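Predicted, not measured: the structure shown is a model, and the values here were computed from it.
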Amino acid sequence: MKKRILSIGLALTMLAALLAGCGSKSATWKVTCPWAPSGVAAMVSQKAAAKSTEYSKDITLVAEAIKGDAATVNTWVMDTKANDTELVFVGEGLLSITSILDPAKLQFGYEDFVFVENLYSSVFVLSADAKLNIKSIADLEAYVQGGNEISVAVNGAVGSEAFLAAALFGSMGAGDKLKLTPYQSAAEAAQAVAKGETNFAVSHQSQILETFQQNGVTIVCAFDQDDIADGPFAGVEGVGKHGYPFFRNRCFIMARAGTDAAKVSALKELYGKILADKEVADWLQDTMLLEVDTMSQADVEAHVENVKNIVNEYKDIVAG
């Protein structure tokens, strides 16, 4: 009899454990970066994924980086349903540039996503061949007014960098003199100016740092409202102070539309903790030359609309 009671008790204990396992909220979320596998976004995503288990027992992030573009996000939207444990990066490149220049490429809309968090914020800079001795916006304005050649290296023919260059030189009245030279990667574009292939380049700060330290280029200005406050480019002027248009490069983490609000909230909270981690924040600032820049839904929509306005105004310069 005693053995039977023990057996029943053991069975009940095992059943309870099984039921508890079935009801577990633990989930692994795959985070797809549909851009360069070795690029800035992929590296930051990997850093966040490595930190995820330190801040949550219920959510584990797994970073996946693939070489892709709009077609990758199209596939993601078609294959993913609400509440699937899948996240994807979407930025102004697709939402604000491709949506205007080549909308046929996009089989999705903003309504197909629900915003989780902005992974980082990057302030692009304009570098110049050191031989030109252009070190400020005033120097640049004088160079433009002198009717000189304006050739700018950019990452891709119609990327964010191309539109920032077009907006700056176009608003200076030199859009008809501007020659954009596209490269296959942001790193290649950043190095082109030091090789004498172009006069200028628009790039992430981290991608031009080594060349700057070797005195191959000067850093003319930053595509932001204010001067750069920290890091090796501290004090570089923001174009916004002079009334020129700009936008930051941002990386939005999105879930599939219809995903439960509680899940989205838990993911946002987790990313918030990761981005507030001192090691992560220091790494972003000191190594990647990026900023923690958590955003609201309203912030995202304002960013997307600002970039759309710039694209609409300067698309003729970029796309011809």
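- Residues L284 and E291 fail the side-chain proximity criterion, which asks for heavy atoms closer than 4.5 Å.
- Closest approach of A42 and P37 over heavy atoms only: CB-O, 3.2 Å.
- Note that the CD1 atom of I66 and the SG atom of C33 stand 8.5 Å from one another [nearest 0.5 Å].
- N83 contributes a side-chain N or O that, together with a main-chain N or O of D260, makes up a donor-acceptor pair within less than 3.5 Å.
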Could you go through E117 and T294, starting from their C-alpha distance and side-chain angles, then the distance that decides it, and tell me whether this counts as side chain to side chain donor-acceptor pair (under 3.5 Å)? CA-CA 6 Å; E117 189 52 272; T294 55; 4.8 Å; no
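- Smallest separation of non-hydrogen atoms from S160 and I97: N-CD1, 3.8 Å.
- Closest heavy-atom contact between D84 and D79: OD2-O, 4.1 Å.
- With R250 as the fixed residue, the side chain to side chain contact (heavy atoms under 4.5 Å, CB included) test singles out one of L119, V300, D293, V90: D293.
- Minimum heavy-atom separation, A190 to I208: O-CD1, 2.9 Å.
- With rounding to the nearest 0.5 angstrom, the NZ atom of K105 is 6.0 Å from the CG atom of D69.
- Here the closest heavy-atom approach between residue L61 and residue A48 is recorded as CD1-O, 4.2 Å.
- Between H204 and F124, the two ring planes are tilted [angle within 30° to 60°].
- Rounding to the nearest 0.5 angstrom, the gap separating the CD atom in Q207 from the CD atom in E188 is 11.0 Å.
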Intermediate values then yes/no, side-chain contact (heavy atoms from CB on, under 4.5 Å), I137 and V239: CA-CA 8 Å; I137 291 178; V239 300; 4.2 Å; yes
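- Nearest heavy atoms, Y314 versus P245: OH-CG, 4.0 Å.
- At a threshold of 4.5 Å between side-chain heavy atoms, the hydrophobic network of Ile, Leu, Val, Met, Phe, Trp and Tyr places Y183 and V318 in two separate groups.
- One finds a salt bridge joining D282 and K278 here, because a Lys/Arg side-chain nitrogen approaches an Asp/Glu carboxylate oxygen to under 4.0 Å.
- Proximity of a side-chain donor or acceptor of T218 to a complementary backbone N or O of A130 within less than 3.5 Å is not detected.
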Yes or no on side-chain contact (heavy atoms from CB on, under 4.5 Å) for V304 and F252, after CA distance, side-chain angles and deciding distance? CA-CA 11 Å; V304 169; F252 304 136; 4.3 Å; yes
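- Between the Y244 side chain and the F169 main chain, no donor and acceptor come within less than 3.5 Å of each other.
- Residues V77 and F89 fall into different hydrophobic clusters, defined by Ile, Leu, Val, Met, Phe, Trp and Tyr side chains chained together at heavy-atom separations under 4.5 Å.
- Within the 3.5 Å criterion, the main-chain N or O of E305 finds a donor-acceptor partner in the side chain of N309.
- In this structure, K51 pairs ionically with D277, as a charged nitrogen and a carboxylate oxygen lie closer than 4.0 Å.
- Note on V307: it does not cluster hydrophobically with V40, by side-chain heavy-atom contacts below 4.5 Å among ILVMFWY residues.
- Follow the hydrophobic side-chain contacts under 4.5 Å out from L87 and you reach M43 in the same cluster.
- Between the side chain of S265 and the backbone N or O of A262, no donor-acceptor pair lies under 3.5 Å.
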Mind running side chain to side chain donor-acceptor pair (under 3.5 Å) on R256 and T80 for me, showing each step along the way? CA-CA 7 Å; R256 192 67 168 88; T80 307; 5.7 Å; no
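- At least one side-chain heavy atom of M254 sits less than 4.5 Å from a side-chain heavy atom of F115.
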Can you check side-chain contact (heavy atoms from CB on, under 4.5 Å) on N118 and D299, steps first, answer last? CA-CA 10 Å; N118 177 45; D299 293 333; over 6 Å; no
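- The aromatic rings of F108 and F113 sit perpendicular to each other, their planes meeting at more than 60°, with 30° as the lower class boundary.
- Between T198 and V193 there is a side-chain heavy-atom pair separated by less than 4.5 Å.
- Using a 4.5 Å heavy-atom cutoff, the side chains of D58 and L270 are not in contact.
- In terms of modelled atom types and a separation under 3.5 Å, the side chain of N199 and the main chain of S151 share a donor-acceptor contact.
- The residue from D224, D226, D227 that alone fulfils the salt bridge (charged side-chain N to carboxylate O under 4.0 Å, His left out) condition with K241 is D227.
- Panel note: side chain Q205, backbone V123; a donor-acceptor pair is recorded below 3.5 Å.
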Evaluate side-chain contact (heavy atoms from CB on, under 4.5 Å) for N133 paired with D139, printing each intermediate quantity in order. CA-CA 8 Å; N133 199 34; D139 290 343; over 6 Å; no
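- For the atom pair CG of L168 and CZ of F246, the computed distance is 12.0 Å after rounding to the nearest 0.5 Å.
- F233 has its ring centre less than 6.0 Å from the ring centre of F212.
- Under a 3.5 Å cut-off, the side chain of K268 and the backbone N or O of V116 do form a donor-acceptor pair.
- Looking only at side-chain heavy atoms (C-beta outward), W35 and C251 come within less than 4.5 Å of each other.
- Atom CG of residue D230 and atom CD of residue Q285 lie 4.5 Å apart, to the nearest 0.5 angstrom.
- Distance check, rounded to the nearest 0.5 Å: CG of N312 to OG of S96 gives 10.0 Å.
- Put simply, V125 and F200 are part of two different groups of oily side chains (I, L, V, M, F, W, Y) that touch within less than 4.5 Å, one to the next.
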